[in-house]
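Note sheet for the following structure.
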Amino acid sequence: MRVLRVAAAQVGGIQSTERREQVVERLLALLEQAAADHCRLVVFPELTLTTFFPRTFYGDQADVDAWFETAVPGPETAPLFVAARRLGVAFHLGYAELVRQEGRVRRYNTAILTDETGAIVGKYRKIHLPGHARRLPDAPFQHLEKRYFDVGDLGFRVWEALGGTMGMCICNDRRWPETWRVLGLQGAEMVVLGYNTPEENIHYREPPHLRMFSHRLSIQAGAYQNATWVVAAAKSGLEDGHRLIAGSAIVSPTGEIVAEASTEGDELVIHDCDLDFGADLRRTMFDFARHRRPEHYGLITSAASYRPSTFQDG
């Protein structure tokens, strides 16, 4: 057995008036609690350091860039790395990243994974950006990820860390089976992810319970069909007057939810994950080398859509 004690660190709503230092204090409290519970990895949510700013339209790019980090660790986030090293606890952190690449400024929805010394061992940039690029004047709030972020350029990768093979994705990525399969094909034994999912769907009517159902369905299917552990951490509850779903959870390679949040606030969801647990599934039902038939899957990568979409979101 290769047991990794993991905590999905759910974070309650972060208001736009909260300073980075205040948010980091909350994260440090969760990190300390996880260490006291003998966890070796803490998974924080998507865009952990700020409110979910894509819900707001900004006319001035400088107002948008104020939500981005130009360096991690930076002055406000350095205490997390110091604490990780002191406590011997690794962490996954989502944030908005601003970088200069080939003479151009790029903005990504990013997540990093550290080891137990606080050293960064992996970075992922969100690929499946949801929402729209133009302001929707009649919507109760915006979802402007397509306006504020570039599509991630690092692909879906895995890293050897914490005694296993680790993968990362972010929020909307979890709804796409291709995400899980590409990670599964690389032997991912655990996939960690954060999300900020509004309770309300602004594009069409959807009851709140269905938002939670589709979230659970996505992570459970991804876990089972790729024989991997999934650790999913939410930013949740009331945030700047809008509600985000909770449902932070740890899912086993059999697709079963083995631990789940019971609140909408700051909370640790903890489980001892045996990284060998999915081995039987990978040898039998999901032995990709024996059972996959990629010669029949060409349509997946040959076209973005089999049937033309009629929905135009800018």
Side-chain angles (χ1 to χ4, degrees), residues 1-11 24-46 48-49 72-73 77-95 110-124 157-170 183-184 186-195 219 222-223 226-235 248-254 256-262 266-279 282:
M1 294 175 64
R2 289 176 295 138
V3 176
L4 180 63
R5 190 169 177 85
V6 178
Q10 182 169 281
V11 177
V24 169
E25 283 296 322
R26 291 170 60 184
L27 305 186
L28 287 170
L30 289 166
L31 204 62
E32 293 275 1
Q33 182 184 340
D37 283 328
H38 308 291
C39 296
R40 292 175 54 207
L41 171 64
V42 176
V43 178
F44 292 115
E46 172 192 31
T48 314
L49 301 172
V72 171
T77 55
L80 281 171
F81 294 81
V82 173
R85 183 166 56 252
R86 173 174 58 84
L87 297 168
V89 178
F91 67 87
H92 163 277
L93 179 74
Y95 62 96
T110 296
I112 54 167
L113 177 68
T114 79
D115 64 16
E116 291 156 304
T117 71
I120 296 173
V121 296
K123 175 181 281 190
Y124 170 71
R157 297 173 55 196
V158 299
W159 295 267
E160 297 303 316
L162 301 164
T165 305
M166 312 292 291
M168 286 189 280
C169 64
I170 298 175
L183 292 171
Q186 297 173 82
E189 294 173 314
M190 176 175 286
V191 177
V192 296
L193 68 103
Y195 59 98
I219 58 175
N226 296 278
T228 186
W229 289 92
V230 176
V231 184
K235 180 132 65 61
S248 299
I250 298 175
V251 185
S252 81
T254 60
E256 298 170 285
I257 294 176
V258 294
E260 189 172 25
S262 58
D266 293 8
E267 178 183 352
L268 292 181
V269 179
I270 297 173
H271 190 74
D272 291 321
C273 303
D274 179 5
L275 298 179
D276 288 325
F277 187 55
R282 288 191 292 272

Report task. Over all heavy atoms of both residues, which pair between Ile219 and Ala249 is shortest? Give the atoms and the distance, please. Result -> CD1-CB, 4.2 Å

Query - Check: Met190 main-chain N/O paired with Thr228 side-chain donor or acceptor under 3.5 Å - result: yes

Requested in this report: Would you mind reporting whether Lys235 and Thr48 have side-chain heavy atoms less than 4.5 Å apart?
Outcome: no

Query raised in the report: So, for Ile112 and Lys123, which heavy atoms are closest and what is the spacing to 0.1 Å?
Result: CG2-CE, 4.1 Å

Query raised in the report: Hey, are the side chains of Glu189 and Arg2 touching, using non-hydrogen atoms and a 4.5 Å cut-off?
Result: yes

Query raised in the report: For Ala259 and His271, which heavy atoms make the closest approach, and how far apart are they?
Result: CB-CB, 4.5 Å

**Report entry** Pro45 and Tyr195, any side-chain heavy atoms less than 4.5 Å apart
**Finding:** no

**Report entry** Side-chain donor/acceptor of Asp115 to backbone N/O of Thr117, under 3.5 Å
**Finding:** yes

Requested in this report: Please report the closest heavy-atom contact between Ala233 and Ala9, naming both atoms and the distance.
Outcome: CB-O, 3.9 Å

Query raised in the report: Of the non-hydrogen atoms in Gly167 and Leu183, which two are nearest, and what is the gap between them?
Result: CA-CD2, 4.2 Å

Report task. Would you please test Ser248 and Glu260 for side chain to side chain donor-acceptor pair (under 3.5 Å) and show each step? Result -> CA-CA 6 Å; Ser248 299; Glu260 189 172 25; over 6 Å; no

Query raised in the report: Of all heavy-atom pairs between Leu31 and Leu80, which one has the smallest distance, and what is that distance?
Result: CD2-O, 4.0 Å

Query raised in the report: Parallel, tilted or perpendicular: which fits the ring planes of Phe91 and Phe81, with parallel below 30° and perpendicular above 60°?
Result: perpendicular

